[in-house]
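This is the structure I want to talk about, given as structure tokens.
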Number of protein chains: 2
Amino acid sequence: MIQKMETADLSIGEVARRTGLSVHTLRLYEREGLLAGEVRRDEKGRRLYSEWDVEWLANCVKFRSSGMPLATISRLARLVREGTGNEAERLELLCEHQHRIADQLAQLHACLDLINNKVAAYQRHLAIGASGDPW
Amino acid sequence: MIQKMETADLSIGEVARRTGLSVHTLRLYEREGLLAGEVRRDEKGRRLYSEWDVEWLANCVKFRSSGMPLATISRLARLVREGTGNEAERLELLCEHQHRIADQLAQLHACLDLINNKVAAYQRHLAIGASGDPW
DNA sequence: CTAGGTGCTAGACCGAGGTCTAGGTCAACG
DNA sequence: CGTTGACCTAGACCTCGGTCTAGCACCTAG
């Protein structure tokens, strides 16, 4: 009984505040098919979002911040929208992104190594006035 | 005596192959001031790169892959080009990027958590046919 | 009544980072 | 000799992901 009751509808402005996305971006995301639930409208044509949409959008934000292109999120959303039966495809898509994240982590660590070394070198340099590195 | 001798000049095509950047991109980077060494030219106006330039460009590639904007690399390159005396500024710039990398790592890990959970859920689902998740 | 606030659509615009084209010079090959 | 290939410049073009504008509808408060 704590399931889905009293899920008051949310306006686009509400959702913008909760997700940190602009209303423009929310409309863009909808056009691009990123939403996994159909967006309902009130009598006057205004969008009505559910709490679940907000959760989904929060995931979208995470996906975006890890570099997943809108097109990919859109594909995932379509699979979810289509309902049960395509879990294998969703899994594949997620695993691909897992790997891209792993790649990014590796690259970030590589760059971080480089920077850490340089930072240490410059700190030494500024403290002692030594070294004479390439840069 | 193992310092800088026999540093044969490299053509832009050479450098492209070694750095993985296109010749177009190399020219772009030069226009944008990303190079820390002045690019020499031969009699006929063709660019001459040194091994050192290639190393610097390799660093640029790392910076880029960690999301450093061209403008920032350009600032760093300018500092390096200007020579000794501005190490504090270089350090500051590098430390800022250190923090941005830390942020990115956090975001990537957050997304990875989400995806790992979903992947595990779907694998369970496909193996047993269970669950009934939100998605 | 009117001013503000929120919403709608369609479509223009923007910055970042490349990528590609046109039109030209040069050297080497067959 | 003509062709091929590497290089040059200036500048057009492209994708991505937003962001913003115009012009309109509606509701509420003063």
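Lettering follows sequence order; numbering is per chain, from 1.
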Mind calculating the distance between CG (B:Leu34) and P (C:dA16) to the nearest angstrom?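 My rounded result for the distance is 13 Å.
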Letter by letter from the 5' end, nucleotides 11-25 of chain D scores (B base, S sugar-phosphate only, - none; protein heavy atoms under 4.0 Å) ------SBSBB---S
What residues, two or more places apart in sequence or in another chain, satisfy side chain to side chain contact (heavy atoms under 4.5 Å, CB included) together with A:Arg90?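 Side chain to side chain contact (heavy atoms under 4.5 Å, CB included) check on A:Arg90 returns A:Leu76, A:Leu79, A:Val80, A:Asn86, A:Glu87, B:Tyr122, B:Trp135.
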For A:Leu10 and C:dT6, what is the distance between atoms CG and C1' respectively, to the nearest whole Å?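 Taking CG of A:Leu10 and C1' of C:dT6, I get 15 Å after rounding.
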Take atom OH of A:Tyr49 and atom P of C:dT6, then tell me their distance rounded to the nearest Å.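 Spelled out: OH on A:Tyr49 to P on C:dT6 is 16 Å.
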A:Asn59 side, atom CG; A:Ile73 side, atom CD1 - distance, nearest 0.5 Å: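 These two atoms lie 9.5 Å from each other.
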Suppose we screen for salt bridge (Lys or Arg N to Asp or Glu O under 4.0 Å). Which residues come up paired with A:Glu30, at least two apart in sequence or across chains?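 Expected list: A:Arg41, A:Arg47.
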Any side-chain N or O of B:Arg47 under 4.0 Å from OP1/OP2 of D:dC8?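 True: B:Arg47 side-chain N/O within range (under 4.0 Å) of D:dC8 OP1/OP2.
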Can you list, pair by pair, the side-chain donor-acceptor contacts under 3.5 Å of residues 100-114 of chain B, counting residues two or more places apart and other chains?
| from | atom 1 | to | atom 2 | distance (Å) |
| --- | --- | --- | --- | --- |
| B:Gln104 | NE2 | B:Ser66 | O | 2.8 |

Whole angstrom value for the distance that separates P of C:dC26 from CZ of B:Arg41: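 From B:Arg41 CZ to C:dC26 P: 15 Å.
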Take atom CG of A:Asp9 and atom C1' of C:dT6, then tell me their distance rounded to the nearest Å.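 Result: 16 Å.
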Under 4.0 Å: is that the gap between some side-chain N or O of A:Ser11 and OP1 or OP2 of C:dG7?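 Indeed, a polar side-chain atom of A:Ser11 lies that close.
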Between CG of A:Leu70 and OH of A:Tyr29, what distance do you get to the nearest 0.5 Å?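 Reported value, rounded in 0.5 Å steps: 5.5 Å.
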Below 3.5 Å, can you tabulate the donor-acceptor pairs from side chains in residues 16-27 of chain A to any protein atom, sequence neighbours excluded?
| from | atom 1 | to | atom 2 | distance (Å) |
| --- | --- | --- | --- | --- |
| A:Arg17 | NH1 | A:Glu14 | OE2 | 3.2 |
| A:Arg17 | NH2 | A:Glu14 | OE2 | 2.5 |
| A:Arg18 | NE | A:Glu14 | OE1 | 3.4 |
| A:Arg18 | NH1 | A:Glu51 | OE1 | 3.1 |
| A:Arg18 | NH1 | A:Glu51 | OE2 | 3.2 |
| A:Arg18 | NH2 | A:Glu14 | OE1 | 3.4 |
| A:Thr19 | OG1 | A:Val15 | O | 2.8 |
| A:Thr19 | OG1 | A:Leu21 | N | 3.2 |
| A:Ser22 | OG | A:His24 | N | 3.4 |
| A:Ser22 | OG | A:Thr25 | N | 3.0 |
| A:Ser22 | OG | A:Thr25 | OG1 | 2.8 |

Flag side-chain contact, heavy atom, 4.5 Å: A:Gln123 against B:Leu91: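 In contact.
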Could I get a table of every N or O pair under 3.5 Å where one atom is in the protein and the other is in nucleotides 2-4 of chain C?
none

Can you tell me the distance, in whole Å, between the CD1 atom of B:Ile12 and the C1' atom of C:dT19?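 Roughly 14 Å, once rounded to whole Å.
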Can you list every salt bridge (charged side-chain N to carboxylate O under 4.0 Å, His left out) pair that touches residues 74-83 of chain A, not counting sequence neighbours?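 Passing the test, one end in residues 74-83 of chain A: A:Arg78-A:Glu82.
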Between B:His99 (side chain only) and B:Cys95 (backbone N and O only), is there a donor and an acceptor less than 3.5 Å apart?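 Yes.
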May I have the distance from B:Ile73 (atom CD1) to C:dG17 (atom P), rounded to whole angstrom?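 To the nearest whole Å, that distance equals 8 Å.
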Nearest-Å distance, CZ (B:Arg46) to C1' (D:dT9)?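 One finds 15 Å between C1' of D:dT9 and CZ of B:Arg46, rounded.
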